[in-house]
Amino acid sequence: MEQDTLEYAQLLDKQDDLAAYRQEFYLQENTLYMDGNSLGLLSKRAERTLFDLLNSWKTLGIEGWTEGDNPWFYLSESVGGKMAPLVGGMKAEVIATGSTTTNLHQLVATFYKPAGVRTKILADKLNFPSDIYALKSQLAMKGYDSDEHLVQVTSPDGRFLCEDDIIAAMTDDIALIVLPAVLYRSGQVLDMDRLTRAANERGIPIGFDLCHSIGAVEHALHDWGVDFAFWCTYKHLNGGPGSVGGLFVHEKHFGTVPGLAGWFGSKKESQFDMDHTMDSAMDVSAYQIGTPHVLSLAPLIGALELFGEAGLANIRKKSLQLTQYFLELIKSELADYQFTIGNPTDATRGGHILLEHVEAARICKALKEDGVIPDFRVPNGVRLAPIALYNSFEDVWHTVQKLRIIMDEKRYEKFENKRGVVA
Ligand SMILES: Cc1ncc(COP(=O)(O)O)c(C=O)c1O
Ligand SMILES: Nc1ccccc1C(=O)C[C@H](N)C(=O)O
């Protein structure tokens, strides 16, 4: 059977062990949702656990902190425990708390300890801007000029980072390293194991932003010896808009005083003693600050069940098959339309495809008009993420067909080539 036919896509779907999980999600009719790497879709289980949580508030009031199926007082820890296998951490090393950016602030405040000649932070030129803003503000709080003290490794081609370059930049003046696990534009997966080994050998604490990797690729943060990590849960984990983020601290650091303290970082049993001397938890709980955003944790209880059942290794396997199939169809169907593939084509790609094109902003608008949901990333990227838990091979096939027709008929020309407020 010809690989570029609809029948072949349907055959791949028949062979897909994870196909049944599609029924767990709310997919809109006549829509091909290819944006789970920005906001994952609602699952029925996430909806149920959010309603259950509302019900515990309705029926238990204040007692909900310690009673009911999911007592709120322990929810950050219990949801963290469910995320632990996804990052390769021990339960005591992972907590659901804060947001990506606030967690980064906490971790830099905790692990950035400039001393002597070691005063600089090592990052890269391609990371998501919020991380860079956070690092610059942390440097400013310590009285350092970020032009001098923030070292950003450059990319040879504007798409990918080279691990050799990053390791070469781990010099004696570096006090902390913060890098993405998967780059938000090109989807490159960095070799976290190798980078961590190099950082550990030099005695430099290293942390990773897992926003685009958690739920999409496997990690072994504990075994690799990664010092810390942080992430959001609204992309591949399908926790919902603004769902509570995640934070990992390696057990070797348990007992390290949190840079930003607050009473939810206390030992549970002493928190309500209300003493003005903090009795910090001796595990990752210490790095929480205030009262958890319980309503934004609730969908994660259900959303994470699906990962436990489907298994991350199976999810990664299907994700690679979906993106491989996508790349093959792009090659056979879209060769005439001046697209450049901006993601790695080997197994160092994460869970999404990046198609670069000068008309990218308006191609995204034309796709949306035709029921395909991508996102546009400046300056010229169409990001498309087929999600293993709910997208099918047939979805990929239809997406490429629609894109071919849009390009062939120049349907994008009726739109302005300019991004929306939220691109
Ligand atoms: C890699 C990366 N870092 C940081 C952020 C910022 O996350 P938040 O707005 O949840 O703090 C995002 C996405 O928004 C991201 O993709
Ligand atoms: N938090 C958001 C709120 C609104 C719209 C998008 C986001 C994203 O997360 C974008 C994502 N970080 C990205 O890699 O582009």
Side-chain angles (χ1 to χ4, degrees), residues 33-42 83 87 95-109 121 123-138 152-153 155 159-161 177-190 192 207-217 219 228-248 260 287 289 292-293 296-297 299-300 342-343 349-356 360-361 364 368 373-385 387 419-423:
Y33 195 78
M34 290 286 155
D35 207 5
N37 60 330
S38 236
L39 181 70
L41 289 179
L42 176 64
M83 289 193 282
V87 300
I95 188 127
T97 189
S99 71
T100 318
T101 313
T102 61
N103 289 342
L104 174 57
H105 274 291
Q106 169 67 296
L107 292 160
V108 178
I121 298 180
D124 68 279
K125 281 278 185 196
L126 299 182
N127 204 344
F128 196 77
S130 198
D131 292 21
I132 302 301
Y133 304 160
L135 295 177
K136 286 184 178 176
S137 74
Q138 288 285 337
Q152 287 181 267
V153 175
S155 158
R159 294 189 186 104
F160 308 126
L161 294 169
I177 305 169
V178 177
L179 294 166
V182 168
L183 272 61
Y184 81 102
R185 294 190 79 259
S186 71
Q188 178 192 8
V189 187
L190 288 184
M192 287 174 266
F208 290 96
D209 177 337
L210 309 187
C211 279
H212 288 270
S213 63
I214 186 148
V217 308
H219 310 77
F228 62 88
F230 53 99
W231 56 90
C232 66
T233 58
Y234 43 73
K235 302 181 196 297
H236 294 275
L237 296 188
N238 314 307
S243 54
V244 172
L247 185 153
F248 163 92
L260 306 176
Y287 306 95
I289 302 177
H293 300 169
S296 301
L297 275 170
L300 280 167
N343 53 275
R349 65 182 183 278
H352 67 263
I353 296 288
L354 180 74
L355 281 180
E356 298 172 357
C364 284
K368 283 190 185 181
I373 314 296
D375 55 18
F376 168 70
R377 283 295 170 266
V378 285
N380 61 352
V382 181
R383 274 195 328 191
L384 294 156
I387 300 298
R419 68 169 168 80
V421 181
V422 174

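One-based numbering along the sequence shown. Every number for a ligand or one of its atoms is a count from 1 in the order of the listing.
Heavy-atom minimum distance, Ala134 versus Leu104: CB-CD2, 3.8 Å.
When each of Leu355, Asn343, Ile353, Leu354 is checked for a side chain to side chain contact (heavy atoms under 4.5 Å, CB included) with Arg383, only Leu354 meets the rule.
Not a single donor-acceptor pair under 3.5 Å links the side chain of Ser296 to the backbone N or O of Val244.
Of the protein's heavy atoms, none falls inside 4.0 Å of atom 3 (C) of ligand 2. The presence of a protein heavy atom under 4.0 Å from atom 7 (C) of ligand 2 is ruled out.
At a threshold of 4.5 Å between non-hydrogen side-chain atoms, the residues Ile121 and Val108 count as touching. With a 4.5 Å cut-off on side-chain heavy atoms, Pro374 and Lys368 count as touching. Annotation: side chain of Phe208 is not in contact with side chain of Val87 (no heavy-atom distance under 4.5 Å). Using a 4.5 Å heavy-atom cutoff, the side chains of Arg185 and Leu126 are not in contact. In this structure, Thr97 and Gln106 have side chains that are not in contact, with every pair of non-hydrogen atoms separated by 4.5 Å or more. Within the 4.5 Å cutoff, side-chain heavy atoms of Ser38 are placed close to those of Arg377.
Listed by number with element, the atoms of ligand 2 under 4.0 angstrom from any heavy atom of Tyr234 are 1 (N), 9 (O). Listed by number with element, the atoms of ligand 2 under 4.0 angstrom from any heavy atom of Val422 are 5 (C). Residue contact check: Arg383 has heavy atoms under 4.0 Å from atoms 13 (C), 14 (O), 15 (O) of ligand 2.
Enumerated by chain and number, the residues approaching ligand 1 to less than 4.0 Å through a heavy atom are Ser99, Thr100, Thr101, Phe128, Asp131, Asp209, Cys211, His212, Tyr234, Lys235.
Looking only at heavy atoms of the protein, atom 14 (O) of ligand 2 is closest to His212 NE2, 2.8 Å. Of the protein's heavy atoms, Lys235 NZ, 2.8 Å lies nearest to atom 11 (C) of ligand 2.
Aromatic ring orientation, His352 versus His212: perpendicular (interplanar angle above 60°, classes split at 30° and 60°).
Judged by the shortest distance from any of its heavy atoms, Ser38 lies inside the 4.0 Å radius around the atoms of ligand 2. In this structure, Arg377 has a heavy atom closer than 4.0 Å to ligand 2.
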